[in-house]
Amino acid sequence: MAKASKQENTVEPKAEKAAREPAKPKVPVINIPRSVGVRQLADLLQVDSIQIIKQLMRNGIMANINQIIDYDTAAPIITGLGFQPHLQPLKEKQLATAAEESKKLKKLYTAEAENLQPRPPVVTVMGHVNHGKTKLLDAIRQTNVVDSEAGGITQHIGAYQATISGQKITFLDTPGHEAFTAMRAHGANITDITILVVAADDGVMPQTIEAINHARAAEVPIVVAINKIDKENANVNLVKQQLADAGLVLEEWGGQTVGVEISAKEKIGIPELLESVLLVAEMEELKANPNQPAAGVVIEAEMDKNRGPLATVLIQTGTLKEGDTVVVGRTWGRVRAMFNDIGKRIKKADPSTPAEVLGLNSVPFVGDTLRAVTDERHAQALVARNIAEAEKSAARGEKSVNLNTLYDQISAGKMKELNVILKTDVQGSIEPIRGQLEQLATEEVKVRIIHAATGNISESDVMLATASRGLIIGFNVTADEGARRLASARTVDIRFYDVIYTLADDINKALKGMLEPTFVEVIDGTAEVRAVFPAAKGAKVVGVYVTDGKVTRNVPVRVRRGKELLADSTVSSLKRFKDDAKEVAAGYECGIGVKDFNDFAVGDTLEFYRMEKSG
């Protein structure tokens, strides 16, 4: 009996053991505004600012002690240092300050609207690959830059100005229609005229049609440059016929489109092309007021290791001066220096002038709007409000159009046109579907096919849908992986059909508010497998690096090896070091188990997703 008694005494009841164990200390909560300086964050956390800078560098962000970072950037750093971040709501005083500055700027822009002056046109060059876009831009540069005067092109800032007959033209040096539409998708419709380059020896190609449709969707006038006329197999008349078939009829054929025959290689027809651009610009009556606070848009941005955040800005109205305080999207700063397209320092930038700007607190996004403001106090208040509005906009998916919510938008008077991007498996399906859809137009809304082509749905299609607030219809096609991810991020509605009647019936029901809701896939994050480890009962877990978004426990996951889909299952376990985790964000490593799947290899990709009701 004594032995039994001794054994009983060695077993401690769980309740008593729990009572004896010290309680886990509560994680301190740190209230963080929507934007915070590195020094300010270090003070809040009571740590050395060098610690914050090191954490930012580990996350790929080169920062200095004065740099401003947003809440999303600061949150994982705060968590990593043992604190719990909490987003501080905007104070009434901040909102009042932001509203006061916005009202003042609006008043200035309105009051000065009558003092308009002609401004240079902003031109984008587009066309099919290898048709001579780069050669044309180089020819224009060489014609307008004298080495002895300017020292040659010393740097590339994504835009430059040319002068013809004493008048300036601003060229945006974009890779093509994807970049052009990406700018529009960010809300920056900055191009006045498009030069469409078509090779005389190759003719109108699929990318030529895409470029035409992207320019038309933006309602930008097109000037056609028929290039490579110096080639023996050039057939200019065939190109003109193909353009007419694509709905672009040149003036000499009785149409409205200006066309110029050129050779970028031999520098033939370049002055005539530029003269034509100026003629179209004159008809467009492009004007701006240089005597007001500057407003513009970011066309390129980067972090320079020596000079800090750099932004190439195209000024649209007003004049930007050295020393101005500016708000650019989610960041702000004071213009310390500006440089033009040939690297020369300038004191001011007029409307339609591109300038590289130094002095921002962090790197802005391409497409962000620049506004010159009164002072730092107003700048900080506007940045905080911009961040808050961007978050609300992202939550609402304001830029997207969805078949399930289409009727509500029409009824509210928010939509007069339904823009559709149509992709089919064969050319013969395009016209019957186009005819069916265009017949569905009502008094309230018109159905407009802004781009129709064969082939799978691409990222370019998604960018066009985002920029045009349209939806994508696929007929007997699928969507590329990149297009699916981008559509998920931009909340673009993609519908797949294999019967024309069903397609037309769905659109008709949507226009009348009778369509049943559907569920769409949302990609939450991706991770790369860095290591594979054995686990209990023959199972395996993987050490991964979260490359994008986030990973959460129990969510659906796909395992991919290159383009091959290996498994479609769920996350069975998620750990950070040895502890269970609810969620792990991009930029961090973690351990993951996948239900009923063990055949992992280093380099595999995990894709985490969820299904949610569309609209």
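Computed over heavy atoms, backbone and side chain alike; hydrogens, waters and symmetry mates excluded.
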Would you please name every residue forming a side-chain hydrogen bond (donor to acceptor under 3.5 Å, both in side chains) with [X], sequence neighbours left out?
{"X": "D604", "result": "R561"}
{"X": "D580", "result": "K575"}
{"X": "T605", "result": "none"}
{"X": "D524", "result": "R610"}

Side chain [X], main chain [Y], donor-acceptor under 3.5 Å:
{"X": "D324", "Y": "V335", "answer": "no"}
{"X": "D48", "Y": "Q51", "answer": "no"}
{"X": "D480", "Y": "G482", "answer": "no"}
{"X": "R558", "Y": "L565", "answer": "no"}
{"X": "T325", "Y": "V373", "answer": "no"}

What is the distance from atom [atom1] of [X] to atom [atom2] of [Y], rounded to the nearest 0.5 Å?
{"X": "N419", "Y": "R469", "atom1": "CG", "atom2": "CZ", "value": "9.5 Å"}
{"X": "E322", "Y": "L358", "atom1": "CD", "atom2": "CG", "value": "10.0 Å"}
{"X": "I523", "Y": "L486", "atom1": "CD1", "atom2": "CG", "value": "11.5 Å"}

Would you say [X] and [Y] make side-chain contact, with heavy atoms under 4.5 Å?
{"X": "L45", "Y": "F83", "value": "yes"}
{"X": "S569", "Y": "K595", "value": "yes"}
{"X": "L41", "Y": "V47", "value": "no"}
{"X": "W332", "Y": "N361", "value": "yes"}
{"X": "T170", "Y": "T353", "value": "no"}
{"X": "I78", "Y": "Q84", "value": "no"}
{"X": "E300", "Y": "E356", "value": "no"}
{"X": "R560", "Y": "E607", "value": "yes"}

Partners of [X] by ring-ring contact (aromatic ring centres under 6.0 Å, His included), sequence neighbours excluded?
{"X": "F171", "result": "Y160"}
{"X": "Y588", "result": "none"}
{"X": "Y609", "result": "none"}

Tell me, with the steps shown, if T570 and V594 meet side chain to side chain contact (heavy atoms under 4.5 Å, CB included). CA-CA 6 Å; T570 55; V594 174; over 6 Å; no
Hydrogens and angles aside, do S362 and T331 bring a side-chain donor and acceptor to less than 3.5 Å of each other?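 A donor-acceptor contact under 3.5 Å links the two side chains.
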Taking all non-hydrogen atoms of both residues into account, name the closest pair between [X] and [Y] and its distance.
{"X": "R371", "Y": "G296", "value": "NH1-N, 4.4 Å"}
{"X": "L314", "Y": "I299", "value": "CB-CG2, 4.4 Å"}
{"X": "S352", "Y": "V122", "value": "OG-CG2, 4.0 Å"}
{"X": "F608", "Y": "A527", "value": "CE1-CB, 3.8 Å"}

Against the six-membered ring of F339, is R307 placed for a cation-pi contact (under 6.0 Å from the centre, within 45° of the normal)?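 Ring-cation test returns yes.
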Show the numbers, then the answer: is there a side chain to side chain contact (heavy atoms under 4.5 Å, CB included) between K348 and L320? CA-CA 5 Å; K348 63 175 186 174; L320 185 64; over 6 Å; no
Look at R576 together with E589 and state whether they make a salt bridge at an N to O cut-off of under 4.0 Å.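 Looking at E589 together with R576, the answer is no, because their closest N to O distance does not fall below 4.0 Å.
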Can you sort out the partners of [X] under side-chain contact (heavy atoms from CB on, under 4.5 Å), two or more places apart, ordered by chain and number?
{"X": "T478", "value": "N456, R484"}
{"X": "A288", "value": "R119, T317, P351"}
{"X": "D461", "value": "I421, K423, H451, I457, S458, I472"}
{"X": "A535", "value": "A539, V541"}

Could you tell me which residues satisfy salt bridge (charged side-chain N to carboxylate O under 4.0 Å, His left out) with E583, sequence neighbours excluded, listed by chain and number?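 Applying salt bridge (charged side-chain N to carboxylate O under 4.0 Å, His left out) to E583 gives K550.
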For I494 and L471, what are the C-alpha separation, side-chain angles and deciding distance, and is it a side chain to side chain contact (heavy atoms under 4.5 Å, CB included)? CA-CA 6 Å; I494 302 180; L471 61 91; over 6 Å; no
With side chain to side chain contact (heavy atoms under 4.5 Å, CB included) as the test, would you mind laying out the steps for V544 and L606 before giving the verdict? CA-CA 9 Å; V544 304; L606 304 187; 4.0 Å; yes
